[in-house]
Structures are given as structure tokens and as C-alpha cells.
J.: 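Sending over a structure as C-alpha cells; questions will come in a sec.
Positions are given from 1, in the same order as the sequence printed here. Side chains included, hydrogens not; waters and symmetry mates left out as well; all remaining heavy atoms used. First listed ligand is number 1; within each ligand, the first listed atom is number 1.
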Amino acid sequence: MSCLLCDNQTPVWVCSGPPPSPSRSLFPRRWGRRTAGGAASPRRAVAGTAGKEAVTWRPAGRVTGREGPALLFVKTSQGKEEGRRFYACSACRDRKDCNFFQWEDEKVSETRLAAREEYNRNHQPFFTHRQNVERYKNFVLLPLSKRRFCQECQQLLLPDEWEKHSDHQFLCDISTAQLKSPSRLLYPLENKKTNAQYLFADRSCQFLLDLIIDLGFRRVLSVGTPRLHEIIQSKASQEEDFRVRSLLLDIDFRYSQFYAEDEFCHYNMFNHYFFGGEAARETCRKFLYQHNGERVIMVTDPPFGGLVEALASSFKKLMAMWKEAEEGGHNSQEMPTFWIFPYFFESRILEFFPSFSMMDYQVDYDNHALYKHGKTGRRQSPVRIFTNLTPSMIVLPVEEGYRFCTICQRYVSSGNQHCEICNSCTSKDGRQWKHCVLCKKCIKPSWFHCSNCNCCALRNHTCEKTDAGCFVCGKAGHKRSTCPSLSHARTACQADKKQKQKTLKRIKAGVHQRSAMKHAVFFRKKVKNKKKKM
Ligand code: SAH
Ligand code: ZN
Ligand code: ZN
Ligand code: ZN
Ligand code: ZN
């Protein structure tokens with residue numbers, strides 16, 4: 001074992017996945033702390049900007065560890081690369097979860113490497129996937145009265161283990177139905193900087209499944225969609241003529257207790273890492289192979305705090321696996337995909353996948369008070385489906401108000417009016433937008449054109465001074481919010497930030513206590529930045 005930076009193949013440590021909710025000491029040992037580390041500030045990496053600096057990442061090249069490559073992060077200031085580059089864990093975006101950190105040019109001492117190895121060994125999951133599969137087989141043989149699930153360890157218990165868990169809370173009489181719905185048995189790992197586990201509401205999950213079936217798909221590669229996976233697998237085991245199958249790729253290893261090795265792969269979607277090595281990769285490859293024309297679709301719902309670039313790079317690799325899986329190839333086709341993500345990431349996603357378009361369908365979640373589907377007046381979910389399938393094929397439920405725009409050739413939300421000037425249904429958030437002739441585009445209903453800012457903003461906004469340079473690219477004449485180098489920049493004046501602050505307050509008030517939202521990262525970051533500036 002020696003230093004990774006002197007080209008030695010011996011791996012550095014890299015996180016094996018985020019631990020469950022650290023805010024509660026509910027999951028000690030077994031599912032917790034499988035991660036390790038050093039210290040510093042990789043936590044900023046994800047949201048992109050913090051104060052006057054931005055942190056971006058690059059694939060880590062040589063730093064490939066036993067548990068998956070770390071990402072190399074670069075701090076930038078005023079658009080310039082600055083300071084030392086560092087490696088940080090790709091899965092955990094909060095050093096509370098995983099404080100793996102290493103300067104790129106750092107010589108790591110033998111002692112520290114040894115300590116890392118040791119830590120890592122001690123924080124491996126208690127059982128391997130294979131062991132879990134065996135345990136499951138034994139578990140289902142037990143009479144109902146002997147089927148227990150330890151809530152603290154998030155683990156199915158066999159009778160000879162009860163003793164060890166005697167002071168833990170547990171559930172009794174675990175039914176077969178419960179075993180088929182692990183997402184309801186397991187505690188959702190809501191920690192927004194790691195798992196950000198937000199489960200589909202039944203309405204959305206059922207809609208996705210129906211859509212997949214109607215489109216003629218028979219195999220679903222479920223990347224970070226455990227609930228979709230479980231309704232598919234559960235139906236497949238109950239209904240004889242149900243032909244759809246799913247393979248779950250997720251970093252949440254707790255699922256290995258409920259699924260065989262050809263149903264679940266422990267996977268990190270930020271660095272395309274299969275924890276189960278070549279065997280797991282082979283499982284995935286096999287699944288992607290389209291036997292007798294059974295068509296495959298990838299459905300993914302990543303944590304929204306995640307780096308779009310890192311995610312896109314992994315999805316491209318999965319798409320490449322799909323392409324390779326077929327002899328003769330799929331010629332120029334791309335693996336059909338649903339990427340579920342908030343609408344404000346549209347331009348970011350399109351940057352990496354120009355073939356994608358955003359559907360108006362509002363995806364909503366169970367353990368998420370804010371993003372629930374609602375008619376006008378109620379708050380609406382900002383989460384959408386991005387797909388490379390022909391938009392006109394994605395039929396949205398008319399009973400929920402969606403209608404077909406014959407000009408745009410796609411289903412749109414009821415409030416989304418076709419703008420004659422833009423020649424498109426322009427609303428992104430479901431509300432009716434209006435056209436601004438000066439900006440030459442449609443804008444949110446609450447916005448007005450500000451001649452000072454020369455852009456549209458909320459009426460009571462504070463005009464931005466543009467004399468100081470933009471902190472993203474360093475150039476004068478514009479601010480971060482309108483920086484042309486940030487393709488996802490939304491034209492936001494200060495007032496828009498205020499609006500977000502308000503949204504954050506509402507989120508805080510509205511969401512039940514333990515649910516720290518998947519999306520809050522986005523808002524909170526901005527608020528923090530603002531505070532720093534003041
Ligand atoms: N709405 C989906 C769940 C989405 S929540 C459903 O109901 O099925 C995000 C999911 O991505 C969680 O299951 C989480 O465990 C998983 N995840 C988070 N980080 C990940 C990573 N780095 N690699 C793979 N999966 C990850
Ligand atoms: Zn239209
Ligand atoms: Zn318009
Ligand atoms: Zn202004
Ligand atoms: Zn700029």
C-alpha cells in the first residue's frame with residue numbers, strides 16, 4: 001500500500017456510499033458510518049457556488065479506489081481556476097456523512113492510508129449482498145410471528161439475532177406484502193446532501209408505470225427509483241401476465257436485503273461505480289440486452305443536489321452499455337430514458353443531452369409536503385420528466401388538466417398557453433406566462449420589464465449594479481444571475497432571491513419535521529450566499 005499520487009495502483013479510500021440520516025442516531029453501526037475521511041470543504045462542491053468562489057469537479061483519473069473513484073474538485077474564483085484542487089467523495093456532499101478529503105498534490109502518509117483502510121474495513125455493511133439474499137430466504141420461511149424488522153438497524157432479523165437487538169425498536173409480523181414494498185418498510189433516507197430519498201406518490205408512480213407499459217417497454221433500468229422498481233417487481237411476482245421487469249441500481253444498500261443479485265446492484269450514479277465489481281456490471285449488461293425485442297428504458301430520479309455533469313456522464317456510460325449489449329448495435333439510437341429532475345435544470349440537462357425534451361407532467365412525492373400535485377392555488381411540483389422519446393408519445397392525463405398542443409406536438413399543463421410570438425407553449429412552472437416584447441421571450445406572470453436592469457424581474461426588486469464584475473466569469477457588464485457562461489442561469493434580480501428566501505421559509509414551515517427536502521439544497525445555498533454578502 002502506498003501513495004496514490006505517485007502513480008501507484010494501490011487505491012485510496014473512497015466512500016462506499018452515504019450513511020443514513022445522520023441527523024437522527026437511528027441507524028447506528030450497521031447501516032451507518034460506512035464512510036470515512038479527512039477534512040475540509042468539499043461540501044460546497046455540489047451547489048456550485050459559495051460566496052465568491054465556485055467549485056467544479058472533474059473526473060478523478062488516477063484516484064480510483066476499491067470502492068469507486070473520487071471526484072476531483074477545482075475551486076474557481078472570478079472565473080479563474082484557483083488554489084489547490086482536491087479529491088472528495090462523489091456520493092456524499094456533506095462532510096458530516098463522509099469527510100473523505102485529499103488535496104490533489106498531497107502526499108498521504110502510510111499511517112493515514114492505513115487508518116483509512118482500517119476505518120473503511122470497520123465500516124463496511126454488516127452483511128454482503130449474497131449473505132442478505134440467503135438471510136431473506138430463511139426469513140420468508142419463518143412464521144409471521146417470528147418475522148421481525150429492526151427499525152434501528154434497518155435490518156430483517158432472524159430469531160437467533162433478537163437478543164442482540166433487544167433494546168432496539170422493531171416491527172413484528174412482517175408480511176409478504178411488506179417484504180414486497182421495502183420502500184415503505186425502510187425509513188426514507190432524506191438527508192438532502194446524500195441519499196435525498198424522496199419517494200414517488202402513488203399517483204406519479206402509477207402514471208410512470210402505465211406510461212412505460214403503454215410505450216411498449218418490457219425492461220426498466222431503475223436508477224435511484226426504488227419505489228418504481230418495487231411496484232414492477234411486486235406486480236411481476238403476483239400477476240402471471242405482467243411482463244415488465246426491473247433492475248434497481250441504487251446506493252442504498254439496505255435494499256440488498258430484499259432483492260436478489262439480478263434485481264438490485266449497489267451502484268453510485270455520480271461516478272458510475274458498481275460496488276459489486278465485474279459480476280454486478282455483467283448483471284446490468286445482461287439486463288440491458290434486449291432479448292426477443294423486449295425494449296429497455298432507463299428511469300432515473302437522482303438527488304437534485306447532485307452535479308448534473310457527473311450524473312450525465314454516468315448515464316452516458318449506462319447508455320453505452322446498452323448500445324454494446326446488442327450485437328449489431330442499435331445503430332444511431334440512444335437508450336430511451338426518463339430523467340426526473342426539476343424544471344430549472346432544463347438547460348443544464350439539454351447541454352449534456354440535446355436529444356432530451358422536458359415534459360409538463362408534475363412528478364410528486366410522498367414524503368414531501370411542498371411538492372405535491374395540486375390544482376391551481378395549491379403549490380405545484382417543479383419536478384418534471386426529461387426524455388429522449390418523441391414528446392407526442394408521452395400522453396399526459398387529460399383528467400388532470402393536461403391537453404395536447406397540436407402546434408408543439410406535445411401535452412402541456414392546463415395553464416400553459418401557446419405563445420404566438422415564441423410559437424411555443426412557454427410556461428415552465430405550469431402557470432400562464434406572458435410575452436415580453438423587449439426581452440423577446442415569455443416570462444413568469446409575476447414579472448415585469450425593468451428598464452434599469454434591462455431584463456424582466458419582480459416589480460419590487462432591487463436593481464443589480466453591474467459595475468462590479470460577474471463573479472462567475474469575472475467580466476463586467478453583467479452579474480452572476482445573467483452570466484452567459486452559466487447556461488442554467490435564470491434571469492434573477494435580487495428580488496428573485498428574496499422570493500426564494502420566502503419559498504424556503506414556506507418549505508421550513510410546511511414540511512414535517514424530519515423531512516429535509518431533496519430540493520432545499522438548491523434554495524438554501526442561495527440564501528446562504530446572500531447572507532454572506534450582507
Ligand atoms: N422517487 C424515487 C426515489 C428518488 S430519491 C422513487 O420513489 O423510487 C433518490 C434515490 O437515489 C434514492 O433511492 C437514493 O438512495 C438514490 N441515490 C442517492 N444518491 C445516489 C448515488 N450516489 N448513487 C445511486 N443512487 C443514489
Ligand atoms: Zn404550443
Ligand atoms: Zn412568448
Ligand atoms: Zn431592475
Ligand atoms: Zn458572467
Side-chain angles (χ1 to χ4, degrees), residues 343-344 346-347 350 354-362 376 380 382 384-472 475-484 486-503 526-527 529-530 533-534:
Y343 70 80
F344 34 81
E346 183 184 24
S347 55
L350 266 51
S355 59
F356 280 32
S357 40
M358 185 175 90
M359 302 294 100
D360 270 19
Y361 184 79
Q362 299 183 3
T376 34
Q380 301 180 19
R384 305 286 182 269
I385 301 168
F386 293 85
T387 185
N388 50 4
L389 296 172
T390 312
S392 61
M393 289 175 14
I394 313 297
V395 180
L396 305 186
V398 175
E399 62 281 10
E400 286 177 22
Y402 298 101
R403 63 180 174 85
F404 191 74
C405 172
T406 47
I407 307 167
C408 297
Q409 281 293 303
R410 68 178 181 102
Y411 280 83
V412 295
S413 19
S414 53
N416 196 354
Q417 296 285 328
H418 191 88
C419 168
E420 302 288 328
I421 307 163
C422 299
N423 193 28
S424 157
C425 288
T426 43
S427 169
K428 303 290 180 194
D429 59 11
R431 294 181 296 170
Q432 185 176 339
W433 287 23
K434 58 186 184 187
H435 194 86
C436 170
V437 281
L438 292 166
C439 292
K440 298 194 180 66
K441 62 177 185 188
C442 281
I443 51 158
K444 291 177 177 175
S446 50
W447 286 28
F448 296 88
H449 194 84
C450 167
S451 49
N452 243 349
C453 298
N454 200 22
C455 71
C456 284
L458 282 168
R459 202 189 275 296
N460 61 349
H461 73 281
T462 323
C463 296
E464 273 191 49
K465 282 195 221 85
T466 46
D467 46 334
C470 160
F471 93 58
V472 177
K475 289 181 192 131
H478 68 272
K479 282 291 197 180
R480 169 183 61 154
S481 52
T482 49
C483 179
L486 268 190
S487 52
H488 64 291
R490 312 200 297 138
T491 23
C493 282
Q494 294 288 18
D496 191 35
K497 283 177 208 152
K498 266 185 206 145
Q499 186 65 33
K500 277 189 198 134
Q501 212 160 3
K502 269 192 221 148
T503 312
K526 292 268 162 104
V527 172
N529 292 349
K530 182 153 196 247
K533 273 195 208 158
M534 292 192 308

J.: Find, among atoms of H418 that are N, O or S, the one nearest to the Zn ion (ligand 2), and state its name.
T.: ND1
J.: If I take atom OG from residue S392 and atom OH from residue Y411, how far apart are they, to the nearest 0.5 angstrom?
T.: 9.0 Å
J.: Just checking: H461, one of its N/O/S atoms, less than 2.8 Å away from the Zn ion (ligand 4), yes or no?
T.: yes
J.: When rounded to the nearest 0.5 angstrom, what distance separates NE2 in H418 from OG1 in T406?
T.: 8.0 Å
J.: Compile the donor-acceptor pairs under 3.5 Å between side chains in residues 432-439 and protein atoms, sequence neighbours left out, one pair per line.
T.:
residue, atom, partner, partner atom, Å
W433, NE1, D429, OD1, 2.8
K434, NZ, P445, O, 3.3
K434, NZ, W447, O, 2.9

J.: Can you tell me how far apart CZ (R410) and OG (S357) are? Round to the nearest 0.5 Å.
T.: 8.0 Å
J.: Kindly indicate whether the side chain of M358, heavy atoms from C-beta on, has any atom under 4.5 Å from the side chain of L350.
T.: no
J.: Applying side-chain hydrogen bond (donor to acceptor under 3.5 Å, both in side chains), run through N388 and S355 and close with a yes or a no.
T.: CA-CA 5 Å; N388 50 4; S355 59; 4.8 Å; no
J.: For the Zn ion (ligand 3), report each protein N, O or S atom nearer than 2.8 Å, sorted by chain and then by residue number.
T.: C419 SG, C422 SG, H435 ND1, C442 SG
J.: Do N416 side-chain atoms and T426 backbone N/O form a donor-acceptor pair below 3.5 Å?
T.: yes
J.: At the Zn ion (ligand 4), what angle lies between atom SG of C453 and atom SG of C450, rounded to 10 degrees?
T.: 120°
J.: Quick one: is the NZ or CZ of R384 closer than 6.0 Å to the six-membered ring centre of Y343, and within 45° of its axis?
T.: no
J.: To the nearest 10°, what's the angle at the Zn ion (ligand 2) between atoms SG (C405) and SG (C425)?
T.: 110°
